[in-house]
Number of protein chains: 4
Amino acid sequence: MSPRTEKQFEEIRETRKLQIMQAALELFAREGYHSTSVARIARYTRISKGLLYNYFTSKEDLLDSIMALGIQKFHHILEEIQHELDTPEELMMYIHGGFEIIRREPEFYRLLFSVFFQPGVMETSQNQYRETLDHLTHDIALYFEGKGDENPFEKAMLLGNMIDGVGLHYFLAPETVDLDKLEKIIFELFK
Amino acid sequence: MSPRTEKQFEEIRETRKLQIMQAALELFAREGYHSTSVARIARYTRISKGLLYNYFTSKEDLLDSIMALGIQKFHHILEEIQHELDTPEELMMYIHGGFEIIRREPEFYRLLFSVFFQPGVMETSQNQYRETLDHLTHDIALYFEGKGDENPFEKAMLLGNMIDGVGLHYFLAPETVDLDKLEKIIFELFK
Amino acid sequence: MSPRTEKQFEEIRETRKLQIMQAALELFAREGYHSTSVARIARYTRISKGLLYNYFTSKEDLLDSIMALGIQKFHHILEEIQHELDTPEELMMYIHGGFEIIRREPEFYRLLFSVFFQPGVMETSQNQYRETLDHLTHDIALYFEGKGDENPFEKAMLLGNMIDGVGLHYFLAPETVDLDKLEKIIFELFK
Amino acid sequence: MSPRTEKQFEEIRETRKLQIMQAALELFAREGYHSTSVARIARYTRISKGLLYNYFTSKEDLLDSIMALGIQKFHHILEEIQHELDTPEELMMYIHGGFEIIRREPEFYRLLFSVFFQPGVMETSQNQYRETLDHLTHDIALYFEGKGDENPFEKAMLLGNMIDGVGLHYFLAPETVDLDKLEKIIFELFK
DNA sequence: TATGAATGAGGCTTCATTCAT
DNA sequence: CATGAATGAAGCCTCATTCAT
């Protein structure tokens, strides 16, 4: 029973933090940010309110942290498929990436939308997200330009918009949306 | 001096009701439903909090009323373009209808999204809206079927999703979105 | 169509006033004083709130008026049976009087109790009622004194208390109380 | 320094809960349920409004808790005198029990009456209390039956009614009521 | 580190009363 | 005489946050 090293403590902290964020994400997505009380999150995580404030300075800080982490994951998914974007096959990978986010992190995605429509909250995260998207749009625009498309930038935007639109409807009524099929059709539409 | 007639009362009520709804729509869209207090709405309308409850039984009733009115307007716009959907030109009219809603009732549209991501609120209006959309999607699917498309229903859904996606980004950053241009490109994509 | 005389107006006013009081008594008794809004009373009487305030200066004034009228009726019933109180038959009349109040004006009686337990309200009426009761008790005490009872005053009080006790339970659960039978038994107990 | 144990928390909770209930009982009895605001209770207990809701889910829950506790005490008093009810001496004990409640828990008793005349409030507690009373009445009826009384049930009811009647007047004007004396006279009347 | 009692500002709602018409 | 729109104070309740232990 040697005393725990600093590093071990740090790890415990990190784990706790993630636990809380995961619980909060679930609740925020399911019940909405404003309708989820800090007490509820603490209870759901089986810790005390006090302890929660040990990890996050405020409810909004908790939200920010969740969003930041979500955007990180978002980046990871994009990086997995990051390489030249010249051939239709590579475009397909991009589209697939977008759908993967919907598939893998539905709660985060839902929260993202919900938060984007609550102005005043979370402007930092919003900007981060938008920046990421802008880069992506730019890359895709280059692809369309290479193909000789007349409006490459608008095409790229529309592709992004469409994926978001699909995500939006997917979260409102998942049972009516066949992601795999839509993914293919979108590719046919834009390739 | 002489007492007000029933009709006068009716007019006062109607005017006030619309005033309140307009103010609330603006605030809800701008700041979010939960972040907008009844006190704020009353102040913004320059009436007392009490009076608001003379017209709406609760804050949620106010939201419902706004949504119901919005959906009505939505119907009106659709009816304006209601006719056979056989030729590409007619499809263009439909797409134009979708964009018109974004253009003419941006606040309502924004509130619609925001409310759709606030679970627990407003399930009635959500269903009303979804029904309207389902009809529309069905009509458009028939068009694609007529054209011999392999996945007419999915195509129709995607068209709807895309317009919503455009709307979504339009409300997040209007200055970066050229609605007219996008409208045309979408038409080219789907015609 | 001669113009109405002052007296006619007075009568109309009086009728209206009684209408309102009757409605309010009913509602107060059924739902409680605090739980009955002025708006409700007005609606129930089919007049406007404004008009109600034309007849009563406040909600409490309305309550006072009701109580005063009730106490008047109370007096009338007592006067009907007012005469010497020497023989058991005459005592029986007194007891009967008490029960008649319960039978004829149940709502008033119920309101009376309810109001007596809301201190701070209606002290005037309370005092009026208590005075009336004191007189009554005194008269009855004389009867018991004449019979040579050792504690005539206490006996008189107890008789009064018992009738109130019966009334109290009668209003809580009328179906379990057989007023006629109890009346007779009480008489046997005290004669 | 060291965190509080579960037991300490439990004690704090229990103490506070009773404090609040005691304060509320006093105020409810003195001023009436509706006329006593939650703010007033909190101020009187020297705690914040918020804390009160840490212990009771609503104002009505607070009332319910008070009534439940009162009825418990009521039971205790009855249990103290619980034994066969055959001889007049034993009847006397019962009557004494009734008076003890008036003497020991005057506020609860007063609140009980006041609440019984506030329709819509507290129907659960009312039923609990009524059940208790019904049992009691039944026991006493058996006594009168044993004595060969013609109307044993009515006699028992009247005895109960009378005690309530005394209680009622006692709370309206305590200084005019000599409980000890009345207790004896009632016994003479019913033995 | 961990607890949950405690606070207080602010939210939604009701309602007696006034007043222009 | 009659109406009901309008007010504003007050009521109940929630909840993010702090703090003693």
Side-chain angles (χ1 to χ4, degrees), chain A residues 9 12-13 16 34-43 47-62, chain B residues 1-6 8-13 15-16 34-42 46-62, chain C residues 4 9 12-13 16 34-43 47-62, chain D residues 1-6 8-10 12-13 15-16 34-42 46-62:
Chain A
F9 269 123
I12 293 176
R13 270 190 77 81
R16 261 290 155 74
H34 284 105
S35 304
T36 303
S37 70
V38 171
R40 178 92 196 276
I41 299 168
R43 225 180 306 129
I47 60 168
S48 68
K49 270 179 293 174
L51 190 54
L52 192 150
Y53 277 89
N54 213 313
Y55 291 99
F56 302 93
T57 63
S58 69
K59 191 185 178 187
E60 192 163 347
D61 177 36
L62 172 54
Chain B
M1 260 303 174
S2 58
R4 269 181 277 223
T5 65
E6 196 145 320
Q8 278 172 314
F9 277 127
E10 194 56 43
E11 271 167 26
I12 291 176
R13 282 193 75 79
T15 312
R16 263 292 141 80
H34 281 109
S35 304
T36 304
S37 72
V38 170
R40 178 92 197 279
I41 299 170
R46 291 173 195 283
I47 60 168
S48 65
K49 267 182 297 176
L51 187 56
L52 192 150
Y53 283 89
N54 216 317
Y55 292 97
F56 304 93
T57 61
S58 67
K59 191 186 176 186
E60 189 159 352
D61 178 38
L62 172 53
Chain C
R4 273 178 272 215
F9 270 123
I12 292 175
R13 268 192 79 81
R16 262 291 154 78
H34 284 104
S35 304
T36 304
S37 71
V38 171
R40 177 93 197 277
I41 299 169
R43 226 179 306 127
I47 62 169
S48 67
K49 271 180 294 176
L51 191 53
L52 192 151
Y53 277 88
N54 214 313
Y55 291 100
F56 303 93
T57 62
S58 70
K59 193 186 177 186
E60 192 163 346
D61 177 36
L62 173 53
Chain D
M1 263 297 173
S2 60
R4 269 181 276 222
T5 65
E6 195 146 319
Q8 278 173 313
F9 277 129
E10 193 56 44
I12 292 177
R13 280 192 76 79
T15 312
R16 262 293 141 78
H34 281 109
S35 303
T36 304
S37 72
V38 169
R40 178 89 197 279
I41 299 170
R46 292 172 193 284
I47 59 167
S48 66
K49 266 182 298 175
L51 187 55
L52 193 149
Y53 283 91
N54 215 317
Y55 293 97
F56 304 93
T57 60
S58 68
K59 190 187 177 187
E60 190 159 351
D61 178 38
L62 172 54

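Just so you know, these numbers use all the heavy atoms, side chains as well, and skip hydrogens, waters and symmetry mates. The chains referred to below are lettered A, B, ... by the order of the sequence lines, with proteins before strands, and numbering in each begins at 1.
To the nearest 0.5 Å, atom OG1 of residue B:Thr36 and atom NE2 of residue B:His34 are 10.5 Å apart. Interatomic distance, D:Lys49 NZ to D:Ser37 OG, rounded to the nearest 0.5 Å: 8.5 Å. Within the model, atoms CZ of D:Phe56 and CG of D:Leu62 stand 5.0 Å from one another, a figure rounded to the nearest 0.5 Å.
When the nearest nucleotides of DNA chain F are assigned to D:Gln8 and B:Phe9 by heavy-atom distance, the more 5′-ward of the two goes with B:Phe9.
When distances are taken from the side chain of D:Ile47 to each of F:dA6, E:dT21, E:dT7, the shortest belongs to E:dT7. Of all nucleotides listed (F:dT7, E:dA2, E:dA20), F:dT7 comes nearest to the side chain of B:Ser48. Distance from the side chain of C:Arg16 is smallest to F:dA2 among E:dG4, E:dA6, F:dA2.
Note: CD (D:Glu6) to P (E:dG4) measures 7 Å, nearest angstrom. Rounding to whole angstrom units, CD of residue B:Glu10 and P of F:dT3 are separated by 17 Å. Between the CG atom of A:Leu52 and the P atom of F:dT18 there is a distance of 12 Å, rounded to whole Å. Taking atom CZ of A:Arg40 as the reference point, atom C1' of F:dA16 lies 16 Å away to the nearest angstrom. In this structure, A:Leu62 atom CG and F:dT17 atom P are separated by 10 Å, rounded to whole Å.
Across all strands shown, B:Arg46 has no heavy atoms under 4.0 Å from either base or sugar-phosphate atoms. Using a 4.0 Å heavy-atom criterion, one finds that C:Phe56 contacts no nucleic acid atom at all. Within 4.0 Å (heavy atoms only), A:Arg13 reaches sugar-phosphate atoms of the nucleic acid but no base atom.
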Provide a list of protein-nucleic acid N or O atom pairs under 3.5 angstrom, restricted to nucleotides 12-16 of chain E.
from   : atom 1 : to      : atom 2 : distance (Å)
E:dC12 : OP1    : B:Lys59 : NZ     : 2.7
E:dC12 : OP2    : B:Val38 : N      : 2.7
E:dT13 : OP2    : B:Tyr53 : OH     : 2.4
E:dT13 : OP2    : B:Lys59 : N      : 2.9
E:dT13 : O5'    : B:Tyr53 : OH     : 3.3
E:dT13 : O4     : B:Lys49 : NZ     : 3.3
E:dA16 : OP1    : C:Lys59 : NZ     : 2.9
E:dA16 : OP2    : C:Val38 : N      : 2.6

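Put simply, C:Tyr55 has a side-chain N or O that comes within less than 4.0 Å of OP1 or OP2 on F:dA2.
Every residue meeting the side chain to side chain contact (heavy atoms under 4.5 Å, CB included) condition with D:Thr5, not counting sequence neighbours, appears here in chain and number order: D:Lys7, D:Gln8. Residues forming a side chain to side chain contact (heavy atoms under 4.5 Å, CB included) with C:Leu51 (at least two apart in sequence, or on another chain): C:Arg16, C:Ile47, C:Ser48, C:Asn54, C:Tyr55. Under the salt bridge (Lys or Arg N to Asp or Glu O under 4.0 Å) criterion, B:Arg13 pairs with no residue, sequence neighbours left out. Not counting sequence neighbours, the partners of C:Arg40 by the salt bridge (Lys or Arg N to Asp or Glu O under 4.0 Å) test are C:Glu31.
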Let me check I have this right: for DNA chain E, each base becomes ., (, ), [, ] or |, based on Watson-Crick or G-U pairs with both distances under 3.5 Å. What is the full string?
.||||||||||||||||||||

